[in-house]
Amino acid sequence: MNEDVFNTSLRGFLKKVGITSQREIEKAVRDALASGRLKGNEKLPAKMTLTLGGISFTHEITGEIELG
């Protein structure tokens with residue numbers, strides 16, 4: 001395995017995940033605020049599940065996103 005190629009590829013994937021996930025969460029929260037489903041002071045439970053094919057790897061991260 002080429003460590004440099006692996007590291008560069010992994011970092012690129014994680015950057016894509018972070019950027020697109022943030023955009024989607026921001027859009028969903030703004031839509032929920034606009035429709036009245038959220039008031040703006042909630043703490044939303046969050047869960048991210050990462051799977052990696054070929055080696056049956058799954059990793060779950062849980063947390064909370066606070067709105068205000």
Side-chain angles (χ1 to χ4, degrees):
M1 177 173 76
N2 184 317
E3 290 289 337
D4 290 333
V5 171
F6 173 57
N7 188 276
T8 300
S9 180
L10 179 56
R11 286 178 180 265
F13 173 75
L14 291 174
K15 183 176 180 179
K16 183 177 180 180
V17 168
I19 291 168
T20 56
S21 296
Q22 182 174 347
R23 286 180 186 155
E24 292 299 317
I25 291 168
E26 288 172 347
K27 182 183 181 307
V29 169
R30 286 188 182 108
D31 290 349
L33 287 166
S35 71
R37 289 180 288 146
L38 290 174
K39 294 177 183 177
N41 59 351
E42 293 87 351
K43 292 181 180 180
L44 306 174
K47 177 171 72 171
M48 175 70 74
T49 303
L50 173 68
T51 58
L52 186 59
I55 60 170
S56 300
F57 173 81
T58 302
H59 180 70
E60 189 173 284
I61 299 169
T62 59
E64 192 173 69
I65 298 172
E66 187 174 347
L67 301 184

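Since the model is a prediction, treat every value here as computed from it, not as a measurement.
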Side chains of residues 1-11: which donor-acceptor partners sit under 3.5 Å, not counting sequence neighbours?
| residue | atom | partner | partner atom | Å |
| --- | --- | --- | --- | --- |
| Asn2 | OD1 | Asp4 | N | 3.0 |
| Asn2 | OD1 | Val5 | N | 3.1 |
| Asn7 | OD1 | Arg11 | NE | 2.8 |
| Thr8 | OG1 | Asp4 | O | 2.9 |

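Leu33 belongs to a hydrophobic cluster whose other members, connected by ILVMFWY side-chain contacts under 4.5 Å either directly or through intermediates, are Ile25, Val29, Leu38, Leu44, Ile65, Leu67.
Applying the 6.0 Å contact sphere to CD of Gln22 captures no more than 12 heavy atoms from other residues, nucleotides or ligands.
A chain of hydrophobic side-chain contacts below 4.5 Å, direct or via other Ile, Leu, Val, Met, Phe, Trp or Tyr residues, connects Leu50 to Leu52.
Taking the side-chain hydrogen bond (donor to acceptor under 3.5 Å, both in side chains) definition, one finds that Thr62 meets it with nothing, sequence neighbours left out. Taking the salt bridge (Lys or Arg N to Asp or Glu O under 4.0 Å) definition, one finds that Lys15 meets it with nothing, sequence neighbours left out. Arg37 meets the side-chain hydrogen bond (donor to acceptor under 3.5 Å, both in side chains) test with Ser35; sequence neighbours excluded. For Glu24, there are no side-chain hydrogen bond (donor to acceptor under 3.5 Å, both in side chains) partners, not counting sequence neighbours. Under the rule for a side-chain hydrogen bond (donor to acceptor under 3.5 Å, both in side chains), Lys39 has no partner lying at least two apart in sequence or in another chain. For Thr49, the side chain to side chain contact (heavy atoms under 4.5 Å, CB included) partners at least two apart in sequence or on another chain are Lys47, Thr51, Thr58, Glu60.
With values rounded to the nearest 0.5 angstrom, Lys43 atom NZ is found 5.5 Å from Glu64 atom CD.
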